[in-house]
Amino acid sequence: MKKDTSIQITNEDSKQSKIAFLTKIQLFLRRVGAYIAAAFIDYRRSPLTVFFSVAYPIILILLFGAIFADSNNSFTAFTVYVQSEGDEGYVISPVQTLNFTDDLINALQTMKTNDSESLFDVHFIPLTNDQNGAINPGDYLEEVQGYISLVIPFNFTQEVLFNPDVTNLQIILDESSQSASIAYSIISSVIYQFNLGVSGYNETKIGLDTFDIYLEEEIAYFEFLIPGMICVALMNNGVMGTINRYSFFRKQGFFRKLSASPMNKADVVVGETSWQFVQGAISIIAILLVGWLVFKVPSGDFSWIIRILDWKIILVTISAVMSFVGLGMIGSRLSKNPDAATALGNFLTFPMMFLSGAFFDVSGVPGVNVISKLLPLTYLIDALRATMITGNVSIAWINIGISFAFGTALMIIGILITKLTEE
Amino acid sequence: MPEQETFTKKIYLSLRRIYGQTVSTAIRWVRSGPALFFTFIYPIIMILLFGYIFGATDDSLYTLNYLNEDVYQVGDNTYAFNPANQILQNLGLNNDTLAESLNLKLVQASIETSSITYNDWMKNNDIPYLLVIPSGWSAAVNESKVNATAPQALIEYYYDPSYTSSSIVQSIIDNVLQEMNIAEFSIPTVVDVVASTTPNREGLTYIDFIVPGMIMVTISTSSMMGMVSMVTEDRQSGKIDKYSASPLKKWEWALSHGLWHTCTSFAISILSVLTGWIVFGFQLSTIHPLMIGVLIFGSMTFTGLALVISRFVKKTEAAMAATMSFVFPQMFLSGAILPAEIMPDFMQTIAKIFPLYYVSEAMRNMMLESTFHLAWVPLGITIGMGVVFFTVGSIITDWRKE
């Protein structure tokens, strides 16, 4: 009988401790819920936060999408200025005259892209001006703000046919222009083909066969930008949001007040992280919807938005939130007031945005490519790109792993140095 | 006489008020973290970032993975020196100087071709580009030398299109192949291309063209964000309402802000130029005295715009969001960061809506003697915008309590 009573008491204790534990969890969840609700109200009332989480990435998507989208509408032909010093040609029969100047200009004018767009927009530089003075093609190019010009020498055809020396074509280009270097490379290929033709070869004997490794997947270039935009939005939300809120709380004395309430540091950190996850989800939905509506729906690819969804996006978002909330917590400890915190947030996020390769490929830039590998944003973008766009599972998991390592380390440092009781 | 004295005194008092307000703005600026960031740190970061990312093209080094599957055999003899090895040497294999001059670093790939395709290997290992010399390639090259109808000997280039550098690497390989064609098949060079830079740009680098644009981007961001936040905060705190009960006039108040923003514009310009000069060797000779005019009227334009925005969007946060919605597209579309020539035509048209486009154009055209005559129109537009926006901003600013 005694034994039964003792078993009953033990069961009662265990039941009570279970209830106490559940109550604790319930209260914890309520406190976290309250924090999230407060953060949401703050978000709704703050146009600046809405700007950074929704409008800013959408502006970037529209801008970079329109600039780099490989659709017919976006291609701009290379403008090349040609100055010919005159070519009489060479009469090979009463009905046939060779004119290499015309052939060369014609070749440039008829070259097409894969989408049958003209590759070059050819403009002509006159030889003399109104005062009958000679026009220097270099000066002319600068005056019209062009970036490349081709100067064909006098009697080019006869020079090629009868001059035993090499005939030089002059190319003048603006070396700071990216378009000039691409156009120069294409014109060089045309000249190379011309040499082959003169030598009696129909085609080059050694050639290059190119293979796009994502050809089957039919990935448009703008799709490669989407993960970058999403991660930039997650970074802005996380770093700027946390840094601003924490420094504002500290300045207003909220943290000290919270330390006198049942709310502890764990509640605040979990609340902030959960809220950033929700805010991240809002940003992701907004970016995907706009990208789909603007770049995919017009081409009839309605299923794109479903195809790119993958459950691993949740993992990438969690690791991003951990990394950037952690970074925000560290930043908020380093700055004493909200004004300075905003500046510090900008200082952390702005360079990261460009160094991580979100917009431009930095893999070939010495120094920058090393710094890029030290930034959490780089791995998050790679993880998301592999998850959503290329479907490369192994790359996705490696980068998710590295992102979680970054997230855990930054979060631990952030939690350790955050103090609710001070100031 | 007393009338003249009163007038002189009025001017003196007005100048004192402008001076007092300017000093007060300066003190607030110095005490504000974001303002200091945008004025002093932001231009340095911008110049360093874009200088390194876009300016270091000549120093770029692209890691090109290669796989040589070609073993050149005649009977039982294997020949170490063959076209396959030749092309790799021409690309800089075992020759660091040549490799660096081509901006390439060759790395031998280790691919189990029996179990994985090139595409999958590249995808799994995040490899941007791979050059494959297929089996029998050297034999095909040699066959072409004796048989005019022999098919083209092709090497294979696999690339990941998400890397923008893949087209650059392809172009490098193409050039090397062309040279090899000429050498192997004794193709005479009948026509050659001699390239030179435009006369006034000789000796100038990318950084020389990016610095003026960066200066104006920073000035526009700093002026607009700083001004909008200050005005809306002052309105919310009731400070502006108190001004209406003081002798300070609206135009004096606006002018003092304009003066202070012009001062910060000069500070930003000096910092940017110094950073560009010290780190990247920015050519100081490209600076023209008329650029001071662009700075002054550019600052007035952005200060005036900020006054217009803060007149219609009352709350600080909303006003900042509205300003950013304007500042960011302007930054990328104006041609200050991304060259306008790479944008589609319709975006180049949109760019012309933004004041920064004209301000940057004026600055850039003033750099070269040959383009200087093109600076007058954008300079005129900049002056016009400065006067109009500043006047309109000052007039419509409302000091009444809400």
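Every chain is numbered from 1, with letters handed out A, B, ... down the list of sequences. FYI, side chains are in, hydrogens and waters are out, and symmetry mates aren't considered; it's all heavy atoms of this structure.
- In this structure the side chain of A/Asn369 never reaches within 4.5 angstrom of the side chain of B/Leu61, judged on heavy atoms.
- For A/Asn392, the part sitting under 4.5 Å from any heavy atom of chain B is the side chain, from C-beta outward, and nothing else.
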| Given A/Asp212 and B/Tyr159, is the side-chain contact (heavy atoms from CB on, under 4.5 Å) satisfied, shown in steps? | CA-CA 5 Å; A/Asp212 172 353; B/Tyr159 66 96; 3.6 Å; yes
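- In this structure, B/Tyr118 has its ring center at least 6.0 angstrom away from the ring center of A/Phe211.
- At a 4.5 Å heavy-atom cutoff, the contact between A/Val362 and chain B is made by side-chain atoms alone.
- Looking only at atom types and distance, the side chain of A/Tyr192 has a donor-acceptor partner in the side chain of B/Asn181 under 3.5 Å away.
- Inter-residue side-chain proximity for A/Thr390 and B/Lys123 is flagged as unmet; no heavy-atom pair is nearer than 4.5 Å.
- Interface residue B/Leu131: only side-chain heavy atoms are found under 4.5 Å from chain A.
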| task | With side-chain contact (heavy atoms from CB on, under 4.5 Å) as the test, would you mind laying out the steps for A/Ile171 and B/Val194 before giving the verdict? | result | CA-CA 6 Å; A/Ile171 289 217; B/Val194 180; over 6 Å; no
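- Counting heavy atoms from C-beta on, the side chains of B/Leu154 and A/Leu208 never come closer than 4.5 Å.
- Only the side chain of A/Val368 has a heavy atom closer than 4.5 Å to any heavy atom of chain B.
- The CZ atom of B/Phe332 lies 10.0 Å from the CD1 atom of A/Ile59; values are rounded to the nearest 0.5 Å.
- Neither the backbone nor the side chain of B/Glu179 comes within less than 4.5 Å of any heavy atom in chain A.
- B/Ile41 has its side chain within reach of A/Phe347: a pair of non-hydrogen atoms, C-beta onward, lies under 4.5 Å apart.
- With values rounded to the nearest 0.5 angstrom, A/Glu142 atom CD is found 10.5 Å from B/His373 atom NE2.
- The two atoms that bring A/Gln170 and B/Ser196 nearest to each other are NE2-OG, 3.7 Å, heavy atoms only.
- Between A/Met353 atom CE and B/Leu49 atom CG the span is 9.0 Å, to the nearest 0.5 Å.
- Paired with A/Ile213 under the rule side chain to side chain contact (heavy atoms under 4.5 Å, CB included), one option of B/Asn119, B/Asp120, B/Ile127 passes, and it is B/Asn119.
- Contact count against chain A (heavy-atom pairs under 4.5 Å) is highest for B/Pro161 among B/Pro161, B/Ser167, B/Ser165, B/Ser229.
- Ranking B/Asp126, B/Thr63, B/Asp160, B/Asp174 against chain A, the residue ahead of the rest is B/Asp160, based on heavy-atom pairs under 4.5 Å.
- Looking at A/Phe100, there are no atoms closer than 4.5 Å to chain B (heavy atoms on both sides), in backbone or side chain.
- If you measure heavy-atom distances from A/Tyr184 to chain B, the contacts under 4.5 Å come from the side chain alone.
- Residue A/Asp382 touches chain B through its side chain alone, counting heavy-atom pairs closer than 4.5 Å.
- With a threshold of 4.5 angstrom between heavy atoms, A/Ser189 approaches chain B through its backbone and through its side chain.
- Atom-to-atom distance recorded for A/Asn346:CG and B/Thr221:OG1 is 10.5 Å, nearest 0.5 angstrom.
- Heavy-atom pairs under 4.5 Å with chain A peak, among B/Ile45, B/Asn124, B/Leu177, at B/Asn124.
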